[in-house]
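The next block holds one structure in the form of C-alpha cells; read it before the comments.
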Amino acid sequence: MANIELKRVDSKRDLKAFVRFPYELYKGNAYWVPPLEFDEMNVLRKDKNPAFDHCEADYWLAYKDGKLAGRVAAIINKVANEKWGGKVRFGWLEFIEDIEVLRALIDQVIEWGRQRGMTIIQGPLGFNDMDKEGLLVEGFDKLPTIANIYNHPYYPTMLEELGFHKDEDWLQYIIRVTDVPEKVKAVSEGLARRYNVRAVIFDKKKDVLKYGKSMFRTLNEAFKNLYGYAELSEKEIESLISTYFSFIDPKFVCFVLDEHDDVVGFGVSMPSLSKGFQKAKGKVLPFGFVHILKALRQRETIDLYLNGVLPEWQNRGIHALYYTKLTQAYIDAGFKYAITNPQLESNINAVRIWRNYDQTPYIRRRCYSKEI
C-alpha cells in the first residue's frame, strides 16, 4: 500500500514547491494556463495579502512514496462566515490521479476546519471572489482565461466519490463579435435619456484609476448577496488596483456614471493573456514580459473580467449601456471573439444578458460542498 504523507507549508521553500507543483502535473497540457509565480506567492503569503486581516489559512503538500503528489489550501474567511455560516474553504487543490491522495488532502482540511468550529467544507474557493474559484466540469478542451481554474477531468469525479455535491455553478460563453445587437443598442439609448446616466470609455489609464475605488465599492454592493461573496475591504481594494490595474487598457473599460459622477455600473475587459502566460511559463523575467506584452496587442480574443450594477439600478437594463460601448470598442479594435466572465447559474438576470448575442456555451465550473 502506498505511503502518503502530508507536510504543512512552513517555509518559503515549501511555498515555492506548493506554487510550482502544477507545472509538472500539467506538463504538455495545451489548456492549462500557468499563473505568474510572483503573483501566486504574494497571494499566499500572510505578510503580503491584505485578506489575512480577516482570513485564516494553512497549506499542505502531499507526498506519495516520497514524491510530491498533491497540494491544498484550507481557508476560513471570517467576513464570509458572518453571512454564510461556519464554512471552511479548500482552494489551490491539485493532485495526481489517485483518490487516496485526494482523500488525505481533503481529510486534512476537514480536520483543520473542525478544530475551528466549522461545519461545512466547500470549494474550490480562494480568500475572496477575486481569486480563482470553481472546479472545471465542462470545457476541458477550451482555453480558460488567466483568472480561471483549469483542472484534469478526474477531479470532479473523485470529489464526488468522496461525498461532495454540487453547491453552485458558474457559466461562461464565447461571443462572436460581429455587431452590437439592435435590441441592446435600443435599450441603451433609451436608458441614457431616461435616467440621466452616461456610459464612458476613457482614453487614459489615469482616468480609469480615478474611478477604481468607486468601481470596487459598486462591485461589493452588486455582489454582496450572491453565493459565498465576502465584501472586499479597503486594503484589499487598494491592493487589487495596485496589482492589476497596471495591465488595464482603458479602451476596454467602461463606467456608467450618474449625475453625481458615481459609478452605478461597469464592465472591465482585456485582450486574452492566456497564450502569453503559457509562453511565459510563470516567469516575468527575463523574457516572460515580452510574451505578455505581445498578448496584450493581439486582436483575436478579448476576455471579460468584471462587471456589476448597483442593486438599486439592477433590472433597469444598465448592463446594456456598458456592453453597447464595449462591444463597439471590440469591433473597432478588430476582435473576433469575447469570453464572458463566469456568472452564477442561479443569477438569472446576469445569464440572460447573453441571449441577445451570437453566443455558445463555453465553460462550466462548479463549487462543491459537504457537511463535516
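Small disclaimer: the values here were computed from a predicted structure and weren't measured.
In this structure, Lys279 places its NZ atom where only 12 or fewer heavy-atom neighbours from other residues, nucleotides or ligands lie under 6.0 Å away. When the shell of 6.0 Å around OH of Tyr337 is examined, it contains 12 or fewer heavy atoms from other residues, nucleotides or ligands. Counted within 6.0 Å of NZ on Lys142, heavy atoms from surrounding residues, nucleotides or ligands total more than 12; the atom is thus considered enclosed. Within a 6.0 Å sphere centred on NZ of Lys275, heavy atoms belonging to other residues, nucleotides or ligands number 12 at most. Crowding of Lys83 atom NZ: a count of heavy atoms from other residues, nucleotides or ligands under 6.0 Å exceeding 12.
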Derivation of the side chain to side chain donor-acceptor pair (under 3.5 Å) call for Ser369 and Asp167 = CA-CA 6 Å; Ser369 72; Asp167 226 12; 3.3 Å; yes
Going through the checks in order, is the side chain to side chain donor-acceptor pair (under 3.5 Å) test met by Asn341 and Gln172?
-> CA-CA 6 Å; Asn341 57 310; Gln172 287 177 273; over 6 Å; no
Test side chain to side chain donor-acceptor pair (under 3.5 Å) applied to Glu300 and Ser272, step by step = CA-CA 8 Å; Glu300 176 77 12; Ser272 174; over 6 Å; no
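Phe245 has its side chain within reach of Leu209: a pair of non-hydrogen atoms, C-beta onward, lies under 4.5 Å apart. With a 4.5 Å cut-off on side-chain heavy atoms, Ile292 and Leu36 count as touching. Inter-residue side-chain proximity for Ile96 and Leu25 is flagged as met; some heavy-atom pair is nearer than 4.5 Å. Counting only heavy atoms from C-beta outward, the side chains of Glu236 and Ser233 approach each other to under 4.5 Å. Residues Glu182 and Asn356 form no side-chain contact, since every pair of their non-hydrogen atoms from C-beta on lies 4.5 Å or further apart. Between Thr340 and Ile175 the shortest side-chain heavy-atom distance falls below 4.5 Å.
Hydrophobic clustering of Ile, Leu, Val, Met, Phe, Trp and Tyr side chains at less than 4.5 Å, counting indirect connections, unites Leu273 with Phe38. Hydrophobic clustering of Ile, Leu, Val, Met, Phe, Trp and Tyr side chains at less than 4.5 Å, counting indirect connections, keeps Val79 apart from Val43. Phe140 and Ile149 end up in different hydrophobic clusters when Ile, Leu, Val, Met, Phe, Trp and Tyr side chains are linked at under 4.5 Å. Taking hydrophobic clusters as Ile, Leu, Val, Met, Phe, Trp and Tyr residues chained together by side-chain heavy-atom distances below 4.5 Å, Val88 does not share a cluster with Trp84. Residues Leu296 and Leu285 are members of one and the same hydrophobic cluster, defined by side-chain heavy-atom contacts under 4.5 angstrom among Ile, Leu, Val, Met, Phe, Trp and Tyr.
Both tests do not hold together for Lys224 against Tyr229: distance to the six-membered ring centre under 6.0 Å, angle to the ring axis within 45°. Cation-pi geometry between Arg71 and Phe21 is not met at under 6.0 angstrom from the ring centre and within 45 degrees of the axis. The side-chain tip of Arg316 points at the ring of Tyr195 from less than 6.0 angstrom away and within 45° of straight on.
Within the structure, the side chain to side chain donor-acceptor pair (under 3.5 Å) test picks out the following pairs touching residues 104-124 (sequence neighbours left out): Glu56-Arg116, Asp58-Trp112, Glu111-Gln115, Gln122-Tyr227. Listed by first and then second residue, the side chain to side chain donor-acceptor pair (under 3.5 Å) pairs that reach into residues 30-41 are Arg20-Glu37, Glu37-Lys283, Asp39-Tyr244, Glu40-Trp92, sequence neighbours excluded.
Between the NZ atom of Lys294 and the CZ atom of Phe289 there is a distance of 10.5 Å, given to the nearest 0.5 Å.
Of all the heavy atoms in Phe127 and Ala57, the pair that sits closest is CE2-CB, 3.7 Å. For the residue pair Asp203 and Pro250, the shortest heavy atom distance occurs at O-CG, 3.5 Å. In terms of heavy atoms, Ile201 sits closest to Cys254 at CG1-CB, 3.8 Å.
Aromatic rings from Tyr368 and Phe90 are positioned such that their centres are separated by 6.0 Å or more. The ring of Phe252 has its center no closer than 6.0 angstrom to the ring center of Tyr305. With ring centers used as reference points, Tyr357 lies 6.0 Å or more from Tyr173.
The pair Asp10-Arg8 counts as a salt bridge, with a side-chain nitrogen and a carboxylate oxygen less than 4.0 angstrom apart. Look at Asp261 and Arg198 and you find a salt bridge, because one of the NZ, NE, NH1 or NH2 atoms lies within 4.0 Å of a carboxylate O, short of that distance. A salt bridge links Glu345 with Arg364: at least one charged nitrogen is closer than 4.0 Å to a carboxylate oxygen. Glu234 has a carboxylate O that lies under 4.0 Å from a charged side-chain N of Arg217, or vice versa, which qualifies the two as a salt bridge. A salt bridge does not link Arg365 to Asp169: none of the charged side-chain nitrogens sits closer than 4.0 Å to a carboxylate oxygen. Using a 4.0 Å cut-off between charged nitrogen and carboxylate oxygen, Lys235 and Glu238 do not count as a salt-bridge pair.
Between Phe255 and Tyr211, the ring planes lie tilted relative to each other; the angle falls in the 30° to 60° range. Between His152 and Tyr154, the ring planes lie parallel to each other; the angle is under 30°, not in the 30° to 60° tilted range.
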